Amino acid sequence: QVQLVESGGGLVQAGDSLRLSCAASGSTFSRYAMGWFRQAPGKEREFVGGISRSGDRSYYADSVKGRFTISRDNAKNTVYLQMNSLQPDDTAVYYCAARNTIGVFTRSREYGYWGQGTQVTVSS
């Protein structure tokens, strides 16, 4: 129903900022709650942040709260992840995900649609 494409990853130094984008197509974007997840080398995928369909509610993992901000622009069919004060532990492949349900969701299994991921590497 929806296709997701992440972009904006790259190689940065500790303390830098980066903004990831996830462009959606193929369906009505405003009907989907969105989430960001990440997977570091040798680790399982973990929740980063989630946002409701209208953008009025959001939720973050403790590890990124205060540093990362999830937002969305439904007119542009895009969800963003603003990442500030990046640390080497933030190094991972970052994925966006969609669920066509009202709410904010934090578990991978709650999402049915996924992007291909974008690599974020933070050097010390």
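Predicted, not measured: the structure shown is a model, and the values here were computed from it.
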**Q** Hydrophobic cluster mates of Tyr94, side-chain heavy atoms under 4.5 angstrom, ILVMFWY only, any path?
**A** Val2, Leu4, Val12, Leu18, Leu20, Phe29, Tyr32, Met34, Trp36, Val48, Ile51, Tyr60, Val64, Phe68, Ile70, Val79, Leu81, Met83, Leu86, Tyr113, Val120, Val122
**Q** I'd like to check the side-chain hydrogen bond (donor to acceptor under 3.5 Å, both in side chains) partners of Ser108; sequence neighbours left out, ordered by chain and number.
**A** Arg45
**Q** Quick one: closest heavy-atom pair of Gly115 and Tyr95, and the distance?
**A** O-CD2, 3.6 Å
**Q** Looking at side-chain heavy atoms only, is the closest gap between Ser63 and Arg38 below 4.5 Å?
**A** yes
**Q** May I ask you to decide if Cys96's main-chain N or O and Glu6's side chain share a donor-acceptor pair within less than 3.5 Å?
**A** yes
**Q** Do you know which two heavy atoms are closest between Pro88 and Ser123, and how far apart they sit?
**A** CG-C, 4.4 Å
**Q** For Phe47 and Phe37: C-alpha separation, side-chain torsions, deciding distance, then whether ring-ring contact (aromatic ring centres under 6.0 Å, His included) applies.
**A** CA-CA 5 Å; Phe47 171 76; Phe37 294 78; 5.6 Å; yes
**Q** Check salt bridge (charged side-chain N to carboxylate O under 4.0 Å, His left out) between Arg109 and all other residues, then give those that pass, not counting sequence neighbours.
**A** none
**Q** Between Trp114 and Val5, is there shared hydrophobic-cluster membership here, with clusters defined by ILVMFWY side-chain heavy atoms closer than 4.5 Å?
**A** no
**Q** Whether the side chain of Ser21 engages the backbone of Tyr80 through a donor-acceptor N/O pair (distance < 3.5 Å, no angle test) should be reported.
**A** no
**Q** Can Ser17 and Asn84 be counted as having a side-chain donor-acceptor contact under 3.5 angstrom?
**A** yes
**Q** Can you tell me how far apart CD1 (Ile102) and CZ (Arg31) are? Round to the nearest 0.5 Å.
**A** 9.0 Å
**Q** Grab the two heavy atoms, one from Gln3 and one from Gln1, that are nearest each other, plus how far apart they are.
**A** NE2-C, 4.2 Å
**Q** Is there a donor-acceptor pair under 3.5 Å between the side chain of Arg72 and the backbone N or O of Ser52?
**A** yes
**Q** What's the separation between atom CD in Gln13 and atom OG1 in Thr121, rounded to the nearest 0.5 Å?
**A** 13.0 Å
**Q** State, yes or no, whether a side-chain contact exists between Arg53 and Ser30 at a heavy-atom distance under 4.5 Å.
**A** no
**Q** Might you point out which heavy atoms bring Arg67 and Ser85 nearest each other, and give the distance in Å?
**A** NH1-O, 3.0 Å
